[in-house]
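Below is one structure, written out as structure tokens; the observations come after it.
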2 protein chains.
Amino acid sequence: MPEAVVPRGRKRRLDAERSRAAVLDAAIAVLGRQADASVEDIAAAAGVVRQTVYAHFPSRGALLAAVVEHLTAETTATLDTLDLDTMSEVDALRRWLEVSWSMVERYPVLLSPVMATAGPGADDVARHRSVTARLEALIRRGRMSGAFDTRLPEAWTVAAVVALGHAAGQEAGAGRMSPRDAGAAYRDSVLRLVRAPA
Amino acid sequence: MPEAVVPRGRKRRLDAERSRAAVLDAAIAVLGRQADASVEDIAAAAGVVRQTVYAHFPSRGALLAAVVEHLTAETTATLDTLDLDTMSEVDALRRWLEVSWSMVERYPVLLSPVMATAGPGADDVARHRSVTARLEALIRRGRMSGAFDTRLPEAWTVAAVVALGHAAGQEAGAGRMSPRDAGAAYRDSVLRLVRAPA
DNA sequence: CTTATCTTAGACACGGATGTCCAAGATAAT
DNA sequence: ATTATCTTGGACATCCGTGTCTAAGATAAG
């Protein structure tokens, strides 16, 4: 596995950075539709030739890893602008759900198996870790404060929230529900599942 | 695509039927662990050579289709022995969840993408149709009788139940929860999601 | 403008999986 | 015991994807 070329004799040509970005974007788009898309497919969608992809990413796996990295970074960054800690648990969860859902809507690849299999930790949860970490902390806080129900295991609750997100994404992606309705159903369902009974 | 050989000059050798069954069972087991297992892998697990697989199934796709067919048949058969119509909606749903969960436990391949991609209708829902049809009917009945909540779309409710089943399977399969706990959490979550508020 | 960088086109090697063919031997049916 | 069926081993063609190499042409940086 050779490394991606990053010359230092002169300045990096912005041309190159444009190609790299195009490939990355194309990968996000294409893999969102077909998880096992070939490098050829991605290159074509990027308006580039296959060799150019290898000029920026040493291997297919490295490209996938870059996709995962890119998206998790953006998602966690977005989540961190929310100041979830300063609001009530229920509001914070609502906010978290809104943001997560908007990300899923924008990047369907987020629910693709690609996110699980790519990257160092090839575990379905380990991959979402940096994103679900916020959720986990939030849920723990709500459970301790009495705002959330504690009858179900904490880890299960997290898994359930993720799974319902997948379901909403499927329904919207398959055209069985409008993205709006899917998002609403998602939020309502999670709240019903997580909130402490009155 | 040649057809599977079914001679009629003499009687079918039970030897052959044993091989066929072994291959089918091996496929169910192996694909449960690795969705993209090769015909070679499956043959090896069946204690058979690759060519023998092709002697019974014309192609890889046909084998997958046979797996799907086999499992959906068994599952629907099991579900039909329950007489769900004669009990209360909540009891019926509980029963449905128990049976479905036991099937998922026994056949992890049921949550594999194999079930979606194989078979004629390559739709995630269309494949489960014969199984989820029972669930759908059940949910509709409960919604009309007032036992279930009607604030969420019916189709969404079905999707959510399936998704939570996947989550439970994942958690149990990954060893993060015991199968028992996962099943319990699954049932509790679904009931909490579906039941009408008191 | 000069030069280094980037993209492209065309090959090529390699590995892995699918599907096919055939001949020989094992095995069950009659 | 005879015969048709089944499994096996070996070999082979094919397709597809990955990854590498090279030379030529385009393009941005200095």
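Residue numbers start from 1 in every chain, and the chains themselves are labelled A, B, ... in the order their sequence lines are given, proteins ahead of strands. Please read all numbers here as calculations on a predicted model, not as lab measurements.
A distance of 9.0 Å separates CG of A:Leu63 from OH of A:Tyr54, quoted to the nearest 0.5 Å. Between A:Leu164 atom CG and A:Glu171 atom CD the span is 11.5 Å, to the nearest 0.5 Å. How far CG of B:Leu135 is from CD1 of B:Ile139: 4.0 Å, rounded to the nearest 0.5 Å. From A:Leu93, atom CG reaches atom CZ of A:Arg195 across 9.5 Å, with rounding to the nearest 0.5 Å.
Rounded to a whole Å, the CG atom of B:Leu63 is 10 Å from the P atom of C:dG19. At whole-Å resolution of the value, CD in B:Glu17 and P in C:dA28 are 15 Å apart. Residue B:Arg60 contributes atom CZ, which lies 13 Å from atom C1' of C:dG16 at whole-angstrom precision. One atom, OH of A:Tyr54, and another, P of D:dT22, lie 18 Å apart when rounded to the nearest Å. Separating the CG atom of B:Asp36 from the C1' atom of C:dG16 is a distance of 12 Å, rounded to the nearest angstrom. B:Arg18 has its CZ atom 11 Å from the P atom of C:dT27, to the nearest Å.
B:Ser100 contributes no side-chain N or O that, together with a main-chain N or O of B:Leu97, makes up a donor-acceptor pair within less than 3.5 Å. Listed for the A:Ser102 side chain is a donor-acceptor partner under 3.5 Å among the backbone atoms of A:Val99.
Evaluation of the side chain to side chain donor-acceptor pair (under 3.5 Å) test over residues 31-40 of chain B, restricted to residues two or more places apart or in two chains, returns B:Ser38-B:Asp41. Among residues at least two apart or in separate chains, salt bridge (charged side-chain N to carboxylate O under 4.0 Å, His left out) pairs with a member in residues 86-103 of chain B are B:Glu89-B:Arg141, B:Arg95-B:Glu98. Contacts classified as side chain to side chain donor-acceptor pair (under 3.5 Å) and involving residues 17-30 of chain A (residues at least two apart or in different chains) are given here: A:Arg12-A:Glu17.
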(request) Could you encode protein contacts along nucleotides 24-30 of chain D as a string, one character per nucleotide from 5' to 3', using B for base contact, S for sugar-phosphate-only contact and - for no contact, with a heavy-atom cut-off of under 4.0 Å? (result) ---BSBS
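Residues forming a salt bridge (Lys or Arg N to Asp or Glu O under 4.0 Å) with B:Asp83 (at least two apart in sequence, or on another chain): none. Partners of B:Arg140 according to the side chain to side chain donor-acceptor pair (under 3.5 Å) rule, which considers only residues two or more places apart in sequence or in another chain, are B:Glu154. The salt bridge (Lys or Arg N to Asp or Glu O under 4.0 Å) test applied to A:Arg151 returns A:Asp149, not counting sequence neighbours.
Listed by residue number, there are no residues of residues 21-31 of chain B with a heavy-atom contact under 4.0 Å to DNA chain D. Near DNA chain D, meaning a heavy atom under 4.0 Å from it, residues 40-49 of chain B has B:Gly47, B:Val48, B:Val49 in order of number.
In this model, the phosphate group of D:dT7 is approached by a side-chain N or O of B:His56 to a distance below 4.0 Å at OP1 or OP2. Taking side-chain N and O atoms only, A:Ser19 has a distance below 4.0 Å to OP1 or OP2 of C:dT7. Within the structure, every side-chain polar atom (N or O) of A:Ser38 is placed at least 4.0 Å from both OP1 and OP2 of D:dC16.
Of the candidates D:dT8, C:dG19, D:dT18, D:dT18 carries the atom nearest the A:Val39 side chain, counting heavy atoms from C-beta on.
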Would you list the protein and nucleotides 10-12 of chain C atom pairs, both N or O, that sit under 3.5 Å from each other?
unit_1: C:dG10; atom_1: N7; unit_2: A:Gln51; atom_2: NE2; d: 3.4
unit_1: C:dG10; atom_1: O6; unit_2: A:Gln51; atom_2: NE2; d: 2.3

Would you list the atom pairs, donor with acceptor, under 3.5 Å between side chains in residues 106-116 of chain B and any protein atom, with sequence neighbours excluded?
unit_1: B:Tyr107; atom_1: OH; unit_2: B:Glu74; atom_2: OE1; d: 3.3
unit_1: B:Tyr107; atom_1: OH; unit_2: B:Glu74; atom_2: OE2; d: 3.1
unit_1: B:Ser112; atom_1: OG; unit_2: B:Val114; atom_2: N; d: 2.9

Review item, side-chain donor-acceptor pairs of residues 182-191 of chain A, under 3.5 Å, at least two apart:
unit_1: A:Tyr186; atom_1: OH; unit_2: A:Val161; atom_2: O; d: 3.3
unit_1: A:Ser189; atom_1: OG; unit_2: A:Ala185; atom_2: O; d: 2.7
unit_1: A:Ser189; atom_1: OG; unit_2: B:Trp156; atom_2: NE1; d: 2.7

